[in-house]
Amino acid sequence: MYNFEFVKPGSVAEAVAALKDEEAQPLSGGQTLIPTMKQRLNMPGTLVSLTGIPELVGVSADGGTLTIGGATTHAQVAAEATAYPALAALAGNIGDPAVRNRGTIGGSLANNDPAACYPSAALASGATIVTNVREIAADDYFQGMFTTALDEGEIITGVKFPTPEKANYQKFEQPASRFALTGVFVAKYADGVRVAVTGASEEGVFRWTEAEAALSSNFSADAVDGLTASADGLIGDLHGTPEYRANLIKVLTKRAVAAAA
Amino acid sequence: MTTLTMKVNGKTRTGDAEGRTLLVQFLRDELELTGTHVGCDTSQCGACVVHVNGKPVKSCTMFANEADGAEIVTIEGQAAEDGTLTAVQQAFQDHHGLQCGFCTPGMVMSATALLKENPKPTEADIRHYLEGNICRCTGYHNIIKAIYAASGQDVSSIAAE
């Protein structure tokens, strides 16, 4: 890979200052960025490490909200997000153990890979993405494949998840990459049910609103029986056609509801 | 170039690294600890697994600079000075848990981390934990047996045909 200057700030303020340099990019766990740099698809002049900043790490539950620091690893979320078991289970099934010890929730959400797990949890939970300058609702945050509402140099400092009454995540794994070929996160709150789908759409994570309406009035797998997820705009590749992914969305939604209920 | 200092297998070691130097390159090229292998260099295969501050990571997907000041344990830090193998290493030998041996450093480091987290894993636990470690020779059965045996459990219950 091309060489770059490595900077390891000890605070968010120092990191923000270092990222003012036009050639600078943030580095979180690096489990996506480093392979990308090896392929010379990305060539930052400076990498600003976010993993040595204590204020960005931690999991805490308070009054129905679970807050996770942006640089918290998947392994730590899996171990400590006990207030939101479906989220802990999702984190504990990303990649493999070694990847989970480096990869972070902030890195995953900032990258917004269309097949990543965390975006579905954030969107289905109506989470709030907290940055060094503002708070962004998940519904406004995800803006298409690898695209988010983040501005240049903006850092995810944390994510706030309202804890649901019931929730479950079902991932149909692409067996080589362990990313979601399709994944569905269902979360039931007092004011309704949210269903978010990852891995399936060319636009990245999205909400299946028809299923949300059906499940909000009847939270059972049968409630989804009469629905059909549209194949329009879904990914078609050697692993599966758009129609195959559309069917997976329905099947996984039913499994998630059955597992949550 | 930056001079990095880390505790590697209990000894304080220093060496120079560029920004782009990966931890595995630092260990192999700078510290000449070549037991840690580079298989795929794309964080798929797990031959490069080492422990950083007690946790297994893929050293091909971490910059050396990120490990400055950390405690690193590699395959060279497993056996005792007199060559006595750890329980995991001995079990790999006893149960023929390797053929060519290329993946073995990563397998041993992952297995050791697993048994620290979960001292009596089931066969399914072991297989799940090794998702990020690829072996192209053995078909995994003897690796699973070795780790099961190293945990002190009776391997006859999972003996592969």
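In what follows, chains are A, B, ... by sequence order, proteins preceding strands, each numbered from 1. It should be emphasised that the depicted structure is a prediction, and the values quoted were computed from it without experimental measurement.
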task: Using non-hydrogen atoms and a 4.5 Å limit, figure out which bit of A/Gln31 sits close to chain B: side chain, backbone, both or neither.
output: both
query: Is it the backbone or the side chain of A/Leu47 that comes under 4.5 Å from a heavy atom of chain B, or both, or neither?
result: side chain
- prompt: Of all of B/Asp41, B/Asn133, B/Leu114, which one pairs up most often with chain A through heavy atoms under 4.5 Å apart?
  reply: B/Asp41
message: Does B/Lys120 have more than 12 heavy atoms from other residues, nucleotides or ligands lying within 6.0 Å of its NZ?
response: yes
Pairwise distance NZ(B/Lys55) to CD(A/Gln76) - rounded to 0.5 angstrom: 6.5 Å
- line: Scanning both residues in full, the closest heavy-atom pair of A/Asp96 with B/Lys58 reads OD2-NZ, 2.6 Å
- line: Pair count under 4.5 Å, heavy atoms only, with chain B: among A/Pro35, A/Pro97, A/Ser49, highest is A/Pro97
- request: To the nearest 0.5 Å, tell me how far A/Phe4 CZ sits from B/Asn65 CG.
  value: 7.5 Å
query: Which residues in residues 166-187 of chain A have any heavy atom lying under 4.5 Å from a heavy atom of chain B?
result: A/Glu173, A/Ala176, A/Arg178
task: Identify which part of B/Glu66 has an atom lying under 4.5 Å from any heavy atom of chain A, answering side chain, backbone, both or neither.
output: both
task: Can you tell which part of B/Leu130 gets under 4.5 Å to a heavy atom of chain A, answering side chain, backbone, both or neither?
output: neither
message: Return the NZ to CZ distance between A/Lys8 and B/Phe63, rounded to the nearest 0.5 Å.
response: 12.5 Å
field: Between B/Ala17, B/Ala113, B/Cys60, the one whose heavy-atom pairs under 4.5 Å with chain A are most numerous
entry: B/Cys60
- line: Test side chain to side chain contact (heavy atoms under 4.5 Å, CB included), reference B/Thr61, set A/Ile34, A/Leu33, A/Thr32, output is A/Ile34
- line: Distance col, row A/Arg102:CZ vs B/Ser43:OG, nearest 0.5 angstrom, shows 12.0 Å
query: From B/His128 NE2 over to A/Asn93 CG, what is the distance, rounded to the nearest 0.5 angstrom?
result: 5.0 Å
